[in-house]
Amino acid sequence: MKIFNLSVFLLGIMLFYNSCKTEEEDNSMDFKITGVNNTGIIRSQSAAIELKVFFLGGNKEEVKLTAAGMPTGVNIQFTPETGEPDFSLTETIKVDASADTGTYLITITGISVESNKTFSKTFYLTVLPVPNSLPGITLIGSSNSTSILNVAYVDSGYIAYDNEDGDLTSNVIVYGAVNKDSAGTYRISYVVYDSFGDKDSVVRTVRIKNTAEFMNGFYTCTPLVPNNPQCLTNFKISNSINDHIFSLSSVNCYTADLELVVDQPAKKLYMNTQSGIFQGVTHTYSGQGTYSVTGNSVLISLSYTDNFIDTLGNNVTINRSESYLK
C-alpha cells in the first residue's frame, strides 16, 4: 500500500514538471506588423513606407524583416532591418528605369530570431511607366512682332522639343502667312505632335505697319492762299505702300484728294504730279510740303499748284498753300 502511494506521488511530480516545461517552451514572443498600404511607384522613382512591429506578449526577442514577390528591377530595403518590438521602421522601395510594369503582391515577413515565429503582411505594389511628357514649342524672338509695310517679313524661328522624342523642330507645322504688302495684323500658328500623339501649339502675332501711321486722323485745315475759312480734313495712311498718305477733301473745304509721300528723315512731304476730280472738273496737282511733330500733335504745311480747265475752256493755274493741324 505504501509502495503504490509513492508511485502515485512520483508520477504527479513528473506531470507537474512536464507541465511547467511546456509552458516555458510556449512562452515565445507574439508580435504583429502593421502599416504598408497598397502603393504605386513610377519607374526611376522610389517611395518610403512606414511600418510598425508591435509586441503582443511572450519573451521579447529581435524580429528580422524580409520581402518577397518583387518583380525585376524593384528593390526593397528596411531601415532598420531588425529590431526588438515595439519599434517603427521605414521601408524604402526603389524602382529602376527598366523595371517590369504591372501590379504585384508583395509579402513582408517578420521572423523572430530565436523562436522563428513569423508574421506576414501583404500589399499590392503597382509599377507604373514614366508618364509621357508633352512636347513643347518655344518661339525665338517675341510672340508679338512688328514688320514694316513692303519689307520682306522673315520669321525669327522656333524650337520644338520632347523628352521622349528629342528635337522635334523639323516636325513643326506652320499655319498662316504674312502679307508684307498689306497693312494689318496676322496670326501665325505653330503646331507639333510627339510620337504619342500629344501636341503643343503657340501663336505669333505679326503686325504689318505703315511707318507714317502717326499722321492718321482729322486735321483742322487753314487755307492760306487763297485765303478761305477753316475746315476739317482727314488724312489716311496707305494700306499697301509704306510712307504714303492721302488727304481727303471734306464738306465745306476745298482740300483736294492728294497722295503724299512722307520723307521721315527730312520731315518733308512730296506730291507727285497727279489728277483728281473736284466738283466735276479734272484738276492736276504738283507740289510739296513739310511737317513737324510735337507729342501727339502734327502740323503739316503744303504748297502746290492746281491746274484745271474751267467751264469757259480757260486753262487755270492756282497756287495753293494750306496748313493742317492735328
Revision key, fill the gap. Ile137 and Ala160 have their tightest heavy-atom pair at CG1-CB, 4.1 Å
Review point. For atom CG of Asn296, is the number of surrounding heavy atoms from other residues, nucleotides or ligands below 6.0 Å larger than 12?
Key: no
Exercise for review: Would you check if Tyr324 and Thr222 make a side-chain contact, meaning some heavy-atom pair closer than 4.5 Å?
Suggested key: no
Review point. Same cluster or not: are Val262 and Val293 linked, directly or through other Ile, Leu, Val, Met, Phe, Trp or Tyr residues, by side-chain heavy atoms under 4.5 angstrom apart?
Key: yes
Point to revise | OG-NE2 distance between Ser275 and His283, expressed to the nearest 0.5 angstrom | key: 10.5 Å
Check your understanding: Applying the side chain to side chain contact (heavy atoms under 4.5 Å, CB included) test to Ile245, which of Ile237, Asn216, Leu258 qualifies?
Key -> Ile237
Check your understanding: Can Ser286 and Thr305 be counted as having a side-chain donor-acceptor contact under 3.5 angstrom?
Key -> yes
Review point. Can you tell me if Asp181 and Ser240 form a side-chain donor-acceptor pair at under 3.5 Å?
Key: no
Practice item. Would you mind reporting whether Tyr153 and Asn179 have side-chain heavy atoms less than 4.5 Å apart? Key: no
Point to revise | Hphob cluster co-occupancy, Phe119 + Ile108, side-chain heavy atoms under 4.5 angstrom | key: yes
Practice item. Determine whether His244 and Glu259 make a side-chain contact, defined as any pair of heavy atoms from C-beta on separated by less than 4.5 Å. Key: yes
Review point. Is it the case that more than 12 heavy atoms not belonging to Leu105 sit under 6.0 Å from its CG atom?
Key: yes
Review point. Nearest heavy-atom pair of Ser120 and Thr107: which atoms, and what distance?
Key: CB-CG2, 4.0 Å
Check your understanding: With no hydrogens and no angle check, do the side chains of Thr92 and Gln77 hold a donor and an acceptor under 3.5 Å apart?
Key -> no
Check your understanding: So, for Asp200 and Gly136, which heavy atoms are closest and what is the spacing to 0.1 Å?
Key -> OD2-CA, 3.2 Å
Review point. Quick one: OG on Ser323 to CD1 on Ile300, what's the gap to the nearest 0.5 Å?
Key: 9.0 Å
Review point. What is the minimum heavy-atom distance between Pro223 and Cys221, and which atoms define it?
Key: CD-O, 3.5 Å
Review point. Picking from Thr82, Leu65, Thr79, Ile49, what satisfies side chain to side chain contact (heavy atoms under 4.5 Å, CB included) with Leu89?
Key: Leu65
Check your understanding: Is there side-chain contact between Met215 and Leu269, with heavy atoms separated by less than 4.5 Å?
Key -> yes
Point to revise | Arg204 bridged to Asp155 by N-O distance under 4.0 Å | key: yes
Review point. What distance separates Met271 CE from Ser303 OG, expressed to the nearest 0.5 Å?
Key: 8.5 Å
Exercise for review: Please confirm whether the backbone N or O of Val203 pairs with a side-chain atom of Arg187, one donor and one acceptor, at under 3.5 Å?
Suggested key: no
**Study point:** Verdict with supporting geometry, Lys267 and Thr290, side-chain contact (heavy atoms from CB on, under 4.5 Å)
**Key:** CA-CA 6 Å; Lys267 288 187 168 49; Thr290 61; over 6 Å; no
Point to revise | Min side-chain heavy-atom separation Thr205-Tyr186 under 4.5 Å | key: no
Practice item. Please check if the side chain of Glu164 supplies one atom and the backbone of Ser133 the other of a donor-acceptor pair under 3.5 Å. Key: yes
Check your understanding: Below 4.0 angstrom, N of the basic side chain to O of the carboxylate: do Lys117 and Asp30 qualify?
Key -> yes
Exercise for review: With side-chain contact (heavy atoms from CB on, under 4.5 Å) as the test, would you mind laying out the steps for Leu128 and Thr126 before giving the verdict?
Suggested key: CA-CA 6 Å; Leu128 302 168; Thr126 301; 3.5 Å; yes
Exercise for review: Find out if a path of hydrophobic residues (ILVMFWY) with successive side-chain heavy-atom gaps under 4.5 Å connects Leu168 to Leu139.
Suggested key: yes
Exercise for review: Indicate yes or no: does Glu213 engage Arg207 in a salt bridge with an N to O separation below 4.0 Å.
Suggested key: yes
Practice item. Considering non-hydrogen atoms only, spot the tightest contact between Asn59 and Met29 and give its length. Key: O-CB, 2.9 Å
Practice item. Determine, stepwise, if the pair Thr39 / Leu125 fulfils side-chain contact (heavy atoms from CB on, under 4.5 Å). Key: CA-CA 5 Å; Thr39 187; Leu125 171 66; 3.7 Å; yes
Check your understanding: Between Ser297 and Lys326, is there a donor-acceptor pair closer than 3.5 Å when you use the side chain of the first and the backbone of the second?
Key -> yes
Review point. Is a side-chain N or O of Lys60 found less than 3.5 angstrom from the main chain of Pro85, in a donor-acceptor match?
Key: yes
Check your understanding: Taking the six-membered ring where the residue is Trp, are the ring centres of Phe235 and Tyr219 under 6.0 Å apart?
Key -> yes
**Study point:** Asn38 side chain vs Phe123 backbone, donor-acceptor pair below 3.5 Å
**Key:** no
Point to revise | Asp194 side chain vs Phe196 backbone, donor-acceptor pair below 3.5 Å | key: yes
Point to revise | Value rounded to 0.5 Å, distance of OG in Ser156 from CD1 in Ile140 | key: 6.5 Å
Check your understanding: What's the shortest heavy-atom distance between Tyr285 and Gly276, and which atoms?
Key -> CE1-N, 4.3 Å
Check your understanding: Has the side chain of Asn239 got a donor or acceptor atom that lies under 3.5 Å from a matching backbone atom of Ala183?
Key -> no
Check your understanding: About how many Å separate CG of Leu134 and NZ of Lys199, when rounded to the nearest 0.5 Å?
Key -> 11.5 Å
Review point. Within a reach of under 6.0 Å around OH of Tyr193, are more than 12 heavy atoms found that belong to other residues, nucleotides or ligands?
Key: no
Point to revise | Side-chain touch Ser238/Asn210, heavy atoms, less than 4.5 angstrom | key: yes
Review point. Can a donor-acceptor pair be found between the side chains of Glu50 and Ser88 at a distance below 3.5 Å?
Key: no
Review point. With distance as the sole criterion, is a donor-acceptor pair present between the side chains of Thr169 and Asp167 under 3.5 Å?
Key: yes
Revision key, fill the gap. Distance col, row Glu91:CD vs Ile33:CD1, nearest 0.5 angstrom, shows 10.0 Å
Check your understanding: Are Asn132 and Asp198 side-chain neighbours, meaning at least one heavy-atom pair lies under 4.5 Å?
Key -> yes
**Study point:** Main-chain N/O of Ser115 paired with Glu61 side-chain donor or acceptor, under 3.5 Å
**Key:** yes
**Study point:** Proximity of Tyr158 and Tyr190 rings by center, below 6.0 Å
**Key:** yes
Practice item. Please confirm whether the backbone N or O of Asn272 pairs with a side-chain atom of Gln274, one donor and one acceptor, at under 3.5 Å? Key: yes
Review point. When hydrophobic residues are tied together by side-chain contacts of less than 4.5 Å, even through go-betweens, does Val95 share a cluster with Ile76?
Key: yes
Check your understanding: In terms of hydrophobic clusters joined by side-chain contacts under 4.5 Å, are Ile111 and Phe55 together?
Key -> no
Review point. Does the Lys209 side chain pair with the main chain of Gly184, one donor and one acceptor, at a distance under 3.5 Å?
Key: no
Practice item. Say whether Asp243 and Thr211, considering side chains only, have a donor N or O and an acceptor N or O under 3.5 Å apart. Key: yes
Check your understanding: Are side-chain heavy atoms of Val127 and Tyr104 found at a separation under 4.5 Å?
Key -> yes
**Study point:** Tyr124, OH: over 12 other non-hydrogen atoms inside 6.0 angstrom
**Key:** no
